[in-house]
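First comes the structure, then the notes that go with it.
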Amino acid sequence: MDKEITQEVAAKNKRKGLFIGVAVIIILAGLIWGLRSTFKSTIKRSEITTSVVAIGNVENTLNATGEVLPEFEEILTSPINASIKNVIMDAGHNVKAGQSILSLDKSATQTDYEKLKFQLESKQNEIKKLKLDLNKSFFDIRSNNDIKQLHISNLTDAVQNAKRLFAAGGGTREGIEQAELNLKVAQLEKKQLENEIKNKQQTMQIEIREAEIAARILASDGDALQRKLNLANIIATRAGVVTYVNKNIGANVREGEAIARIADLGSFKVQGSISDNSLGQLHSGLPVIVLVNDVQLRGRVINVSPSVQNSVISFDIQLDDRNSKELRPNMKVDVYLVTAAHSHVMRVANGPAFKGPSVQDIFVVNNGKAERRTVHIGLTNFDYVELLDGVKPGDTIITSDMAEYKNSKEVTIQ
């Protein structure tokens with residue numbers, strides 16, 4: 001009897017445990033469904049951003065950075081080693097062509113210039129002295145040559161006389177030979193003298209030529225130093241705005257050191273930079289979009305730097321609107337290089353929903369719900385994304401990040 005009661009109780013407890021387990025499973029499933037329904041399939045309208053699919057143009061762009069610079073900026077450098085004497089124009093002042101900006105202490109350079117003038121005068125006097133010495137040498141040598149010629153004439157007569165005397169029986173053969181020898185010696189001496197005249201003339205001409213060249217060098221150095229002295233009064237060569245000036249009065253500056261800058265703030269350009277990984281897509285003539293305070297300015301690449309520094313390539317951009325009121329010197333801007341463009345395609349505003357892959361899942365708003373769809377992505381830029389399929393013009397796309405609902409086929413919008 002006791003055994004049968006125990007079996008009945010055990011069976012009853014087993015059924016009860018099974019019932020409780022099933023109930024727990026149902027409750028948990030209900031809770032999971034409820035939570036999923038509440039948190040995973042419902043979203044507030046205020047938490048999302050949307051955009052309507054439309055027909056338009058989409059440009060594919062590469063992101064770069066840029067800096068706004070004056071299209072014209074003159075860098076004024078010190079023409080001499082000097083010190084700053086006076087600052088006439090401070091940065092920010094408008095200047096006209098010919099106006100002085102600052103002046104330099106020219107005393108040391110002026111002293112060097114005076115020394116050059118004395119050296120040039122000394123060299124010119126040396127040339128005059130050489131010419132006088134040359135004339136005197138010519139006169140002395142020619143006089144000696146004339147004397148030699150007279151001596152030769154006398155010796156020639158002596159030879160003739162010795163021969164006549166020998167023919168008359170009053171002279172000797174030795175007398176004739178001696179007279180002829182004296183004549184030959186005199187002729188050789190004259191020839192030697194003539195050679196000395198020629199060498200002396202050439203030597204003196206070379207010395208004069210060297211002195212004249214040295215004088216010209218000194219004169220050229222003097223003219224160059226005079227020009228530098230004239231440039232030491234730093235003036236503007238054209239109208240503009242002073243963007244920089246060295247205001248340290250008394251400070252020493254070296255020749256070639258920048259001491260002032262003048263810019264034309266009515267016209268600007270952009271100097272861009274991008275990673276060298278994009279070198280193959282960067283070239284002159286490439287269309288560019290420059291974003292300045294949410295204002296788009298169009299332009300094109302006009303020059304690409306041939307060198308790479310720290311894995312970065314620099315390039316210059318010429319803007320279509322170079323005097324836009326949005327532009328300011330040294331302003332940092334976003335630059336977008338247009339590498340491709342498609343016209344009359346389906347496009348939607350870019351947003352966090354688009355991650356980059358060519359195939360993506362997006363959510364389309366339809367009758368208060370967001371339906372998940374798979375679409376193919378074409379060109380993209382900072383404004384728009386090209387949609388190749390999966391939607392039609394007029395569809396409303398959620399552009400905010402929907403990664404939290406990636407497993408939901410449908411999300412209710414509250």
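Values in this document were obtained by computation on a predicted structure and should not be read as measured data. Counting begins at 1 with the first residue of the sequence.
For the pair Val345 and Asn57, the minimum side-chain heavy-atom distance is 4.5 Å or more. Using a 4.5 Å heavy-atom cutoff, the side chains of Asp383 and Asn350 are not in contact. Val375 is listed as a side-chain neighbour of Asp389, based on a closest heavy-atom distance under 4.5 Å. By the 4.5 Å heavy-atom criterion applied to side chains, Leu297 and Asp320 are not counted as neighbours. When side chains are defined from C-beta on, Val365 counts as touching Ile413, because their heavy atoms get closer than 4.5 Å. Looking only at side-chain heavy atoms (C-beta outward), Pro393 and Met346 come within less than 4.5 Å of each other. Side-chain contact between Ile302 and Arg300 is present, with at least one heavy-atom pair separated by less than 4.5 Å. Val359 has its side chain within reach of Thr374: a pair of non-hydrogen atoms, C-beta onward, lies under 4.5 Å apart.
Using a 4.0 Å cut-off between charged side-chain N and carboxylate O, Arg373 and Glu371 make a salt bridge. For Asp401 and Lys355, the salt-bridge test passes: some basic side-chain N is under 4.0 Å from an acidic carboxylate O. No salt bridge links Lys128 with Glu121; every basic N to acidic carboxylate O contact stays at or beyond 4.0 Å. Under 4.0 Å is where a charged nitrogen must lie from a carboxylate oxygen, and between Glu410 and Lys369 at least one such pair does. Under a 4.0 Å N-O distance rule, the pair Glu386/Arg347 does not qualify as a salt bridge.
Across every non-hydrogen atom of Val242 and Met89, the tightest pair is CG2-CB, 4.2 Å. Across Val304 and Ser284, no two heavy atoms sit closer than the pair CG2-N, 4.2 Å. Nearest heavy atoms, Arg216 versus Arg209: NH1-NH1, 3.7 Å. Of all heavy-atom pairs spanning Tyr405 and Phe363, the tightest one is O-CZ, 3.2 Å. The two residues Ser83 and Gly250 come nearest to each other via the heavy atoms CB-O, 3.8 Å. Shortest non-hydrogen contact noted between Ile127 and Ala211 is CG1-CB, 3.4 Å.
Side-chain atoms of Asn246 come within 3.5 Å of backbone atoms of Asn248 as a donor-acceptor pair (strictly under, hydrogens ignored). Under a 3.5 Å cut-off, the side chain of Ser100 and the backbone N or O of Leu102 do not form any donor-acceptor pair. A donor-acceptor contact shorter than 3.5 Å links the side chain of Ser51 to the backbone of Ala349. Panel note: side chain Asn323, backbone Ser267; no donor-acceptor pair is recorded below 3.5 Å. Side-chain atoms of Asp276 never come within 3.5 Å of backbone atoms of Leu279 as a donor-acceptor pair (strictly under, hydrogens ignored). Arg261 contributes no side-chain N or O that, together with a main-chain N or O of Ala258, makes up a donor-acceptor pair within less than 3.5 Å. The backbone N or O of Lys392 sits less than 3.5 Å from a side-chain atom of Asp395, completing a donor-acceptor pair. With hydrogens and angles ignored, the 3.5 Å screen pairs a side-chain donor or acceptor of Gln99 with a backbone N or O of Lys96.
Expressed to the nearest 0.5 Å, how far OH of Tyr384 lies from CG of Leu379 amounts to 14.5 Å. To the nearest 0.5 angstrom, Thr412 atom OG1 is 14.5 Å from Lys44 atom NZ. Taken to the nearest 0.5 Å, the CE atom of Met402 stands 10.0 Å off from the CD atom of Glu47. With values rounded to the nearest 0.5 angstrom, Glu67 atom CD is found 10.5 Å from Lys269 atom NZ. For the atom pair Leu337 CG and Gln281 CD, the distance stands at 9.0 Å (nearest 0.5 Å). A distance of 12.0 Å separates CD in Glu126 from CD in Gln119, rounded to the nearest 0.5 Å.
Among the candidates Leu291, Val301, Ile317, the single residue satisfying the side-chain contact (heavy atoms from CB on, under 4.5 Å) test with Val335 is Ile317.
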Next item on the list: Given side-chain hydrogen bond (donor to acceptor under 3.5 Å, both in side chains), test Ser273 with Thr65 step by step and report yes or no.
Entry: CA-CA 6 Å; Ser273 58; Thr65 58; 3.0 Å; yes
Next item on the list: Check the pair Ile289 / Arg298 against side-chain contact (heavy atoms from CB on, under 4.5 Å), numbers first and verdict last.
Entry: CA-CA 5 Å; Ile289 300 172; Arg298 294 275 175 166; 3.6 Å; yes
Note to self: Thr339 vs Asn60, test: side-chain hydrogen bond (donor to acceptor under 3.5 Å, both in side chains). Steps then yes/no.
What the structure shows: CA-CA 6 Å; Thr339 58; Asn60 193 55; 3.1 Å; yes
Notebook entry, point to check: Should Leu387 and Val348 be marked as a side-chain contact (heavy atoms from CB on, under 4.5 Å) after you check the CA-CA gap, both sets of side-chain angles, and the distance that decides it?
Noted result: CA-CA 7 Å; Leu387 301 177; Val348 69; 3.9 Å; yes
Checklist line | Test log, rule side-chain contact (heavy atoms from CB on, under 4.5 Å), inputs Val95 and Val241 | finding: CA-CA 6 Å; Val95 293; Val241 177; over 6 Å; no
Item checked: Test side-chain contact (heavy atoms from CB on, under 4.5 Å) applied to Leu104 and Val253, step by step -> CA-CA 9 Å; Leu104 300 174; Val253 291; 4.3 Å; yes
Check: Would Asp90 and Lys247 count as a salt bridge (charged side-chain N to carboxylate O under 4.0 Å, His left out) if you check the C-alpha gap in whole Å, the side-chain angles of each, and the deciding distance to 0.1 Å?
Finding: CA-CA 8 Å; Asp90 202 350; Lys247 300 186 295 183; 3.7 Å; yes
Margin query: Test side-chain hydrogen bond (donor to acceptor under 3.5 Å, both in side chains) on Thr77 and Glu257; report intermediate values, then the result.
Written below: CA-CA 5 Å; Thr77 60; Glu257 181 179 342; over 6 Å; no
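Counting only residues at least two apart or in different chains, ring pair (Phe, Tyr, Trp, His ring centres under 6.0 Å) contacts with residues 314-349 comprise Tyr336-Phe382.
With hydrogens and angles left out, the side-chain atoms of Thr50 and Thr396 include no donor and acceptor closer than 3.5 Å. One side chain, Thr49 or Thr399, offers a donor N or O that lies under 3.5 Å from an acceptor on the other.
In this structure, Arg322 forms no cation-pi arrangement with Phe268, as its terminal cationic atom is not both closer than 6.0 Å to the ring centre and no more than 45° off the ring axis.
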